[in-house]
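Structure first, then comments.
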Number of protein chains: 2
Amino acid sequence: MEYKKKVQQLIVDLKTNYLLSVSIDCVIFGFHAGQLKVLLLRWKETDDWCLPGGRILHEENMDEAAHRSLRERTGLHEIFLQQFHTFGDVLRYKNFSQQETLLKLGLPDDALHEFINRDVSVGYYALVEFAEVTPTPDFFTDECRWWDVDQIPLLLFDHNDMIVLALKTLRRQLTYQPIGYNLLPDKFTMPDLQQLYETILGQSLDRRNFQKRMLGYGILERLEERKTGGAHKAPYLYRFNKENYEKALADEILFVG
Amino acid sequence: MEYKKKVQQLIVDLKTNYLLSVSIDCVIFGFHAGQLKVLLLRWKETDDWCLPGGRILHEENMDEAAHRSLRERTGLHEIFLQQFHTFGDVLRYKNFSQQETLLKLGLPDDALHEFINRDVSVGYYALVEFAEVTPTPDFFTDECRWWDVDQIPLLLFDHNDMIVLALKTLRRQLTYQPIGYNLLPDKFTMPDLQQLYETILGQSLDRRNFQKRMLGYGILERLEERKTGGAHKAPYLYRFNKENYEKALADEILFVG
DNA sequence: CCAAAAGTGTTGGAATTACACCCATGC
DNA sequence: GCATGGGTGTAATTCCAACACTTTTGG
């Protein structure tokens, strides 16, 4: 069988070209229609969803491996990517019927230990611009799509835990670093930015105070243009001042919270 | 040669019983005489120092592996231990002459790739009570001792980077979580606690404001006793209220900063 | 009795929160 | 013209930082 052969080949490839015992999992956050979203993959022939992941080549930095995996799943090149935790429990492989999966992949039972080892997995989270992503499944999956962060189903392995912790880390980061450069389009309105913050934090903020605060950090440039087409008063458009934005990222000032 | 044989045995042991490609490094902080200290190991027959580390057994949770390593190096059982970053650059193995090391260990050149692989390393930091530690070298080292955190020499691998980042993480943690339970003896004075904070933060704090703040969090219990024997006015002794302390740890309130 | 450390409260300023009115646009 | 959302400033409060005097103890 052609397919079976390909899987065997893949396993050999994994064993020879990649670091053993370590994998990478990515929580890719996007923002659309007032909702924070996460990109998930569905395993072939199943209803089982999981996070996109990858492995590390022998001569490759771990961060580069994460970027590479992300590129493959989203088509994006320059993305904000950050390690948030490394998961090393033996029991990570819950919610997963190995037998069943092997069956579906058309593999013999004894391929089991070749296929799913006990790995340590390094969790990264990424912030990407929703509209620019082209979700792309990999060899083992046949669907890749966005899920609302508050409607995630039961995932394979410990991937639900990963999303929870990634979100927690993101919220914390929001309190000492600016966020938005990687989640919003180039030009955006103040209400857009506020909605992003509110969505991530899960609470509403005062419009006027929020604006004062954001402008106070000097990371925003107001453009001459306004956003037209809305049913109401046209809001100004803003753009991030990349230089000051980077400076704020480095300084780790207290932001919101 | 007896020694050589033992090394070969160790390598076999590593390859069969432990996860490949993943290691653990621990930055163990202690506090003594107004100084923050880190526990370092010196490689046999060299002046090369490095952090204590370990590896993960196949059926062992990563956190347990870290605890086990720590137990072996310090003799301590219940320690505060926290993962802070995972280091995955290919160039982690700087400041390290493999040739030289193999020579000193009395191993042939071709043992090189068996011995030092390119690993991903998970960094943990620990907070321990200085007085209760019994520093213990391992097989590859013949000295284990405390170093002042601001007098660390050039270490093997990327271990200097690890200490810097561990300290940075510790300082950040100090701003949203209480610290002290694992670094101070059971009973301590307010000036003791303040000195700890000042040492970690690297800055002096106002005595009165500090006390107000700490008492405000309700994590301290003042005892009837006072610390006698000092040349001056006897300060009160305090003890952490474990329950409230744990609650504060979980709540992640804003503390100092 | 003097030096050195510890105990304790108050006050002023800065930062944060709360809050209200006017303006533009599409229907 | 009206409903909806966007733009803007001020007053009240809270939080934090600065600060000084008294007490105890050993020498």
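Below, chain A is the first sequence line, B the second, and so on; all start at residue 1. Since the model is a prediction, treat every value here as computed from it, not as a measurement.
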Sequence-aligned protein contact record of nucleotides 8-13 of chain D, with B where the base is within under 4.0 Å of a protein heavy atom and S where only the sugar-phosphate is: BBB---

field: salt bridge (Lys or Arg N to Asp or Glu O under 4.0 Å) against A:D161, all qualifying residues, sequence neighbours excluded
entry: A:K94

task: Evaluate the criterion side-chain hydrogen bond (donor to acceptor under 3.5 Å, both in side chains) for residue pair B:Y176 and B:D251; output intermediate values, then yes/no.
output: CA-CA 9 Å; B:Y176 58 84; B:D251 285 359; over 6 Å; no

Pairing of B:E246 and B:K242 as salt bridge, 4.0 angstrom limit: yes

Enumerate all atom pairs, one protein N or O and one N or O from nucleotides 13-15 of chain C, separated by less than 3.5 Å.
none

message: Could you work out how much the helix from C:dC1-D:dG27 to C:dC27-D:dG1 bends, comparing the axis of its first five pairs with that of its last five, to 10°?
response: 10°

- request: Output, in order, the C-alpha distance, side-chain angles, deciding distance and verdict of side-chain hydrogen bond (donor to acceptor under 3.5 Å, both in side chains) for A:N244 and A:Y217.
  value: CA-CA 8 Å; A:N244 291 352; A:Y217 294 118; over 6 Å; no

Atom pairs, N/O to N/O, protein against nucleotides 23-25 of chain D, distance under 3.5 Å?
from: D:dT24; atom 1: O2; to: B:K233; atom 2: N; distance (Å): 3.4
from: D:dT25; atom 1: O2; to: B:A231; atom 2: O; distance (Å): 3.4

- prompt: Are B:F84 and B:Y124 close enough that their ring centers fall under 6.0 Å?
  reply: no

- request: Report yes if the side chains of B:P135 and B:T74 come closer than 4.5 Å at any heavy-atom pair, otherwise no.
  value: no

- prompt: Of all residues at least two apart in sequence or in a different chain, which pass the salt bridge (Lys or Arg N to Asp or Glu O under 4.0 Å) check with B:R92?
  reply: B:D158

- prompt: Side chains of B:F130 and B:K37: closer than 4.5 Å at any heavy-atom pair?
  reply: yes

